Structures are given as C-alpha cells and as structure tokens.
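These notes concern the structure reproduced below.
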Amino acid sequence: MTYSLTVRDHMMIAHSLAGEVFGPAQRLHGATYVVDATFRAADLDADGLVVDIGRATEALRGILSTLSYRNLDEEPEFAGVNTTTERLCKVLADRLVVAVRAGELGGGIVSGIEVTLRESHVAWASYEVTL
C-alpha cells in the first residue's frame with residue numbers, strides 16, 4: 001500500500017526543439033503546462049501526512065518560478081538539449097527530490113515523486129523517481 005499527495009500549479013515557457021521530428025515546433029513557440037507533483041510514501045508521519053500540502057505547494061511554485069516566463073533556449077542549463085515535455089518532467093522531479101531530502105516539505109519518509117506536465121487536454125508526459 002502506498003499513500004500519495006498531489007499538488008498542482010502551472011508554468012508558461014518559450015522554447016524551440018531541434019530536429020526534423022519536431023516539425024513546426026522547431027520554431028520558437030510558447031507552451032503552458034499544468035504541472036502535477038505527486039509525492040508517495042509507504043506510511044504517514046505522526047501527523048498523518050505524506051508531505052505538508054502547503055509546503056509542497058510553495059516548493060513547487062518556487063521551482064516553477066525559475067523557469068516560468070523564460071525562453072528556455074536562452075537558459076545556460078539547457079544549452080544543447082531539447083527541452084521536451086519529458087525532459088522538463090525530470091528537471092522538476094530532480095529539484096523536488098532536493099527539497100524533500102533537505103526536509104523542506106515536512107511529512108514522513110517520501111518513497112517516490114512523480115511529475116506530470118500536461119501540455120494540453122490530450123497530451124502529457126510524466127517522470128517518476130524512487131527515493
């Protein structure tokens with residue numbers, strides 16, 4: 001049995017994707033993602049939490065603020081890589097792992113994090129990491 005808690009926010013970015021496979025997305029374009037961050041734990045802490053929902057919301061908002069309203073093509077950390085939806089899921093999950101390991105979210109022992117970016121109502125990607 002696993003408990004989970006999910007918080008949601010959004011981010012708006014601009015980027016382009018290199019490679020013929022991306023068709024018109026090779027040109028600079030914008031994307032608005034609905035972002036879900038799910039935290040999993042085998043057990044709850046003494047207060048009955050996976051993570052503190054307020055702290056998780058703040059952590060996700062803070063992480064997204066470092067990317068939102070930016071052209072990712074101009075960000076040094078993404079030089080030479082395609083900022084696909086899948087890759088952005090991993091970037092966000094890795095940053096949330098840092099926050100969990102630093103004890104910033106409270107709660108119990110988080111066993112996994114899944115980040116889902118919904119690019120539209122018909123297309124999304126996820127990345128899950130085990131802690």
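Since we're looking at a predicted model, the values are computed, not measured. All residue numbers refer to positions in the sequence shown, counting from 1.
In this view, Arg8 and Asp36 satisfy the salt bridge (Lys or Arg N to Asp or Glu O under 4.0 Å) rule, not counting sequence neighbours. For the side-chain hydrogen bond (donor to acceptor under 3.5 Å, both in side chains) test, residues two or more places apart in sequence or in another chain that qualify with Ser16 are Asp73. Every residue two or more places apart in sequence or in another chain was checked for a side-chain hydrogen bond (donor to acceptor under 3.5 Å, both in side chains) with Ser4, and none qualifies.
A pairwise comparison of heavy atoms in Leu131 and Gly112 identifies CD1-CA, 4.0 Å as the closest pair. A pairwise comparison of heavy atoms in Arg55 and Glu104 identifies CD-O, 3.2 Å as the closest pair. Looking at every heavy atom in both residues, Arg40 comes nearest to Glu128 through NE-OE2, 3.2 Å. Here the closest non-hydrogen pair linking Cys89 and Ala125 is SG-O, 3.3 Å. Here the closest heavy-atom approach between residue Leu64 and residue His10 is recorded as CD1-O, 3.6 Å. Across all non-hydrogen atoms, the minimal contact from Leu96 to Ala37 is CD1-CB, 3.7 Å.
With hydrophobic clusters built from ILVMFWY side chains whose heavy atoms lie under 4.5 angstrom apart, Phe78 shares a cluster with Leu117. Connection of Phe39 to Ile109 is not established within any shared hydrophobic cluster, with ILVMFWY side chains joined at heavy-atom distances below 4.5 Å, either directly or through further cluster members. By the criterion of side-chain heavy atoms lying less than 4.5 angstrom apart, applied directly or through intervening Ile, Leu, Val, Met, Phe, Trp or Tyr residues, Leu60 is grouped together with Val129 in one hydrophobic cluster. With hydrophobic clusters built from ILVMFWY side chains whose heavy atoms lie under 4.5 angstrom apart, Val98 does not share a cluster with Val50. Cluster membership check: Met11 does not share its hydrophobic cluster with Tyr69, using side-chain heavy-atom separations under 4.5 Å among Ile, Leu, Val, Met, Phe, Trp and Tyr.
Counting heavy atoms from C-beta on, the side chains of Glu77 and Leu67 come closer than 4.5 Å. No side-chain heavy atom of His15 sits less than 4.5 Å from a side-chain heavy atom of Arg70. Between Leu88 and Leu72 there is a side-chain heavy-atom pair separated by less than 4.5 Å. Looking at Tyr127 and Leu92, their side chains never come closer than 4.5 Å, going by heavy atoms from C-beta outward. At a threshold of 4.5 Å between non-hydrogen side-chain atoms, the residues Val91 and Ile63 do not count as touching. Between Arg118 and Tyr33, the closest side-chain pair of non-hydrogen atoms is not below 4.5 Å. Between Thr66 and Arg95, the closest side-chain pair of non-hydrogen atoms falls below 4.5 Å. With a 4.5 Å cut-off on side-chain heavy atoms, Thr38 and Thr116 do not count as touching.
Checked by atom type and distance alone, the side chain of Asp9 never pairs as donor or acceptor with a backbone atom of Val35 at under 3.5 Å. Under the 3.5 Å distance criterion, the side-chain polar atoms of Asp45 are matched with a main-chain donor or acceptor of Asp47.
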Derivation of the side-chain contact (heavy atoms from CB on, under 4.5 Å) call for Trp124 and Val34: CA-CA 9 Å; Trp124 58 88; Val34 173; over 6 Å; no
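More than 12 heavy atoms of other residues, nucleotides or ligands shown are found within 6.0 angstrom of CG on Leu44. Remark: Tyr3 OH is loosely packed, at most 12 non-hydrogen atoms of other residues, nucleotides or ligands lying under 6.0 Å away.
Taking CG of Leu49 as the reference point, atom CG of Asp43 lies at 13.0 Å (rounded to 0.5 Å). Going from atom NZ of Lys90 over to atom OG1 of Thr84 covers 12.0 Å, rounded to the nearest 0.5 Å.
The one candidate from Leu105, Thr57, Val7, Ile113 that meets the side-chain contact (heavy atoms from CB on, under 4.5 Å) condition with Val51 is Leu105.
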